[in-house]
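Whatever order the structure lists ligands and atoms in, that order sets their numbers, starting from 1. All figures in this text were calculated on a predicted structure; none of them were measured in a lab. FYI, side chains are in, hydrogens and waters are out, and symmetry mates aren't considered; it's all heavy atoms of this structure.
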Amino acid sequence: MATLAKTDQDYSVLPHMPDDVFTAPLKRPEHVGEDWLEPAQTVYDGEDDAIWNDLFARQMEVLPGRAATAFLKGLERLDLSRGGVPEFARLSAELEPMTGWSVVPVPMLIPDHVFFWHLANRRFPAGNFIRTRETFDYIQEPDVFHDVFGHVPMLTDPVYADYMYEYGKAGWNAMRYNRLKALGALYWYTVEFGLIEEADGIRAYGAGILSGPTEAVFAVEAESPNRIMLNVDRVMRTDYVISDLQPTYFVIESFEDLYRQTVERDFERLYRNLPPSFTYANSAIIDVDNLVHRGTQEYLLRGGRGSGAAPV
Ligand SMILES: [Fe+2]
């Protein structure tokens, strides 16, 4: 059976990138090597730690009852409330016995193929820098708060941790088929903005939702956005917005369901059939959708973030 990831590739060293595969032209800082790893995590000062603590406290006001159980458990298991920006070495020492993952420091953005390679080795690359008071409420580049608070607790869940590992291997395969955009949509609607159906309601497991106070409420409770059960073929054909709240969220039944839908299927066939650009707008509802909630799209219709519309 063909799977999401091509299995015969050796990922112990960074694989050679075929010349015909496009990668974004990012300029590598002189002090990092081909793996883009920082030699050490930044030494944070008291103000950095205070920013972390304030961001943490703000999220904990909105996340209980809205964040996935697996995420809240992960926060506790890693003792992320102990105060100050966490040390990656300590986090890795705690994570490794649970699911084999570690957390490694990188400059803010790294090339896709290097990112995938780290995931395929169960290393999560986390941004080294932390936002300032001026960018406290909204920052487009992922900082250490988004990466560590948002992503790392989920890596304590064994099934989710395996999904991320498979995703890394799948990234290389998608590049060979020139289908990175489609695989990027899958990441967006699961790892960053995914929702899960739990016994007492919908909860968020996506890091983009969990690391911001507005979207945590909007994604789970607002009338505006659509909530649709995840269908991988459909999601990989769906456009997404990167600088505003999402018009649509996709819901999984469980992490086993996510794993089954992605890893245990014939992606090579899907890649061959996918059109080069997205088919569906990010607010669209289509015939095959299994709808949890039909959004009013009021927030979007009022003009979204730039207009100052209320996220309702
Ligand atoms: Fe992220």
Side-chain angles (χ1 to χ4, degrees), residues 24 26 36-38 41 52 55-56 58-59 63 66-68 70-71 74-75 78 80 85-86 88 91-92 95 99 101-120 122-131 135-157 160-161 163-168 170-171 174 180-181 183-196 203-216 218-219 230 235 240-246 249-250 252 255 258 262 282:
L26 287 176
W36 285 68
L37 293 183
E38 293 280 6
Q41 191 182 0
W52 171 281
L55 287 165
F56 190 97
R58 182 171 69 171
Q59 287 315 100
L63 292 186
R66 297 190 178 103
F71 175 83
L75 275 184
L78 296 171
L80 280 178
V85 182
F88 293 1
L91 277 180
S92 301
L95 255 184
T99 56
W101 278 79
S102 60
V103 182
V104 290
V106 293
M108 43 174 90
L109 258 186
I110 65 173
D112 291 327
H113 68 289
V114 182
F115 179 69
F116 295 141
W117 174 63
H118 284 304
L119 296 187
R122 293 184 185 260
R123 289 189 295 264
F124 188 76
N128 226 350
F129 76 104
I130 187 154
R131 71 194 73 181
T135 53
F136 192 82
D137 288 334
Y138 179 71
I139 177 169
Q140 199 158 329
E141 309 83 50
D143 70 340
V144 68
F145 185 77
H146 168 83
D147 278 342
V148 171
F149 180 90
H151 285 283
V152 173
M154 287 305 303
L155 294 173
T156 62
D157 182 275
Y160 186 85
Y163 170 70
M164 287 292 279
Y165 160 74
E166 294 288 346
Y167 188 93
L180 213 48
K181 215 171 146 179
L183 196 73
L186 179 63
Y187 190 89
W188 191 260
Y189 284 117
T190 59
V191 178
E192 294 293 353
F193 293 97
L195 299 178
I196 183 169
R203 300 285 183 266
Y205 70 90
I209 300 175
L210 296 166
S211 56
T214 310
E215 194 138 12
F218 182 80
L230 182 82
V235 161
Y240 55 87
V241 55
I242 57 166
S243 57
D244 207 339
L245 302 170
Q246 303 301 307
Y249 298 90
F250 290 92
I252 58 171
F255 296 116
L258 173 64
T262 50
N282 54 24

Quiz item: Looking from the Fe ion (ligand 1), what is the angle between NE2 on His146 and NE2 on His151, to the nearest 10°?
Solution: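 NE2 of His146, the Fe ion (ligand 1) and NE2 of His151 span an angle of about 100°.
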Quiz item: Do any of the N, O or S atoms of Asp147 sit under 2.8 Å from the Fe ion (ligand 1)?
Solution: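 It does not: Asp147 brings no N, O or S atom closer than 2.8 Å to the Fe ion (ligand 1).
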Practice problem: Classify the ring geometry between Phe71 and Phe149 as parallel (under 30°), tilted (30 to 60°) or perpendicular (over 60°). | Solution: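 Correct class here is perpendicular.
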Quiz item: Are the ring centres of Phe124 and Tyr165 closer than 6.0 Å?
Solution: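 Between Phe124 and Tyr165, the centre distance exceeds or equals 6.0 Å.
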Practice problem: For His146, enumerate each residue passing the ring pair (Phe, Tyr, Trp, His ring centres under 6.0 Å) test, keeping only those at least two apart in sequence or located in another chain. | Solution: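 Testing His146 for ring pair (Phe, Tyr, Trp, His ring centres under 6.0 Å), a comparison that skips the adjacent residues, returns His151.
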Quiz item: So which N/O/S atom does Glu192 have closest to the Fe ion (ligand 1)?
Solution: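 The Glu192 atom nearest to the Fe ion (ligand 1), restricting to N, O or S, is OE2.
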Exercise. Name all pairs fulfilling the salt bridge (Lys or Arg N to Asp or Glu O under 4.0 Å) condition that reach into residues 203-216, sequence neighbours left out, sorted by first residue then second.
Key: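 Sorted pair list: Asp200-Arg203.
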